[in-house]
2 protein chains.
Amino acid sequence: MFKEEIPQKSIYRISLYARCLERLHYNKHEMVSSSALATAAGVKPSQLRRDLAYLGTFGTRGRGYPVEALRQAIHEGLGRAKLQPVIMVGAGNLGSALLRYDGFKKEGYEILAAFDAKAAEIGVNDIPVPLHSTDVMAAFIKEHKVALAILCVPGEQAQQVANGLVNAGIQGVLNFSPVVLKVPQEITVNNVDLALELEHLNYFVRK
Amino acid sequence: MFKEEIPQKSIYRISLYARCLERLHYNKHEMVSSSALATAAGVKPSQLRRDLAYLGTFGTRGRGYPVEALRQAIHEGLGRAKLQPVIMVGAGNLGSALLRYDGFKKEGYEILAAFDAKAAEIGVNDIPVPLHSTDVMAAFIKEHKVALAILCVPGEQAQQVANGLVNAGIQGVLNFSPVVLKVPQEITVNNVDLALELEHLNYFVRK
DNA sequence: TAGATTGTTAATCGATTAACAATC
DNA sequence: TAGATTGTTAATCGATTAACAATC
């Protein structure tokens, strides 16, 4: 039997459901209906049920879903191991800021180290993880079997650095550089384009 | 005649085209074909042409698009004034980092000021704009007619702060808090959920 | 049993793409 | 004119939603 492929958008939402379930669990809820969970996640109940159906069936008709069991099932379904190692590439303004952001750790991702072409010039005490020169990046990735990288280098260098990441075996890149990266199709790139987000918002401001 | 409504996704892409056109202009290209521009933006030529069609017709059959004129037409079409004022709400790790990020200014957005509940405790010299207490936020928004806010407060406070923003007249929120904000439907919220992005990437890593 | 709520289907909606006539 | 490339339509594809039978 073939497992139907899960749409990318569903994956985002399913992760979001897991987070909502954590909160419900924390608040001592044991069961939750698709309607209540959907409201918490800002989606329609039918969409929630459709999304969950990609992973399996977890509810009981007439009663709803068991909060904690569903949370766990989602984590397993999405293949989340305990603590995923990640590296940060580029330790300028944005990169060094994200290193201090605690939201990643909370969700189970640990940034092992940061790499920067100008590593020598950057104050080490601003940064909570080891900072290395980009020269040793590939070796580090292989040694620690790192699969995920956060890319925060200036646009002009982004493609070149990305090539290095791919060659070293990185499989997923969270790209903050305002550049469209060309990578082999088996590599996943998620773009977070901050200026584009503002641009988009601005469009909806009535003038 | 009714102007067809532009899909949200098209708006993102159109902004991206504008950025590619800037680069082409900088490199002294005067004309560009839909196929070349599409490659630069990582989309299909037919999609590019479809997107542009929402704004008008700018090309010449057989020759392509005039780089600079198209860039300007896009900026006008998306209703971009010169320098849009923005405020930053929350000056913790992420917020203060984004204040130092120069990508916003580059695209024509100026962060006027930052607000934080604990403004008094934060070192002012880390921050390149005036930092105020959240108490005076509403007055500032009204006085400076600010329409856009970047929200970087902890999840627990996000909804409450967002309510304050909406009441003060903010029309668009770029939300970095890992929380689904409930706002009136005329307010636009763009969510940038960093942990969710990593989660999504991780799903595609072959285990 | 009656009420509630899931799992799933089928209908709808919207976005992408291929294709090509128009035309420079 | 021949070649190139747009603007636009129609076909395709995929995602969302309403609806409801299954069933606790």
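Basis for what follows: all heavy atoms, side chains included, without hydrogens, waters or symmetry-related copies. In what follows, chains are A, B, ... by sequence order, proteins preceding strands, each numbered from 1.
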Provide, to the nearest angstrom, the distance between the CZ atom belonging to B/R50 and the P atom belonging to C/dA15. 10 Å
Looking at A/R49, I'd like to know whether one of its side-chain N or O atoms comes within less than 4.0 Å of OP1 or OP2 on C/dG7. no
So, is B/S34 near the phosphate of D/dT6, with a side-chain N or O under 4.0 Å from OP1 or OP2? yes
Would you please confirm or rule out a distance under 4.0 Å between OP1 or OP2 of D/dG7 and any side-chain N or O of B/Y65? yes
Without hydrogens or angle criteria, can the side chains of A/Y12 and B/N191 be said to hold a donor-acceptor pair below 3.5 Å? no
Which whole-number value in Å describes the distance from A/D51 CG to D/dT17 C1'? 12 Å
Rounding to a whole Å, what distance do you find between A/L52:CG and C/dG7:P? 8 Å
Using Watson-Crick or G-U wobble geometry with both distances under 3.5 Å, which nucleotide pairs with C/dA18? D/dT9
Does B/K44 have a side-chain nitrogen or oxygen under 4.0 Å from the phosphate oxygens OP1 or OP2 of C/dT17? yes
Please work out which of the three classes, parallel, tilted or perpendicular, describes the rings of A/F140 and A/H144, given edges at 30° and 60°. parallel
Does a side-chain N or O from B/Y54 land closer than 4.0 Å to OP1 or OP2 of D/dT8, or not? no
With a cut-off of less than 4.0 Å, is there a side-chain N or O of A/R61 near OP1 or OP2 of C/dT8? no
Report the distance from atom CD1 of A/I14 to atom C1' of D/dA15, rounded to the nearest whole Å. 14 Å
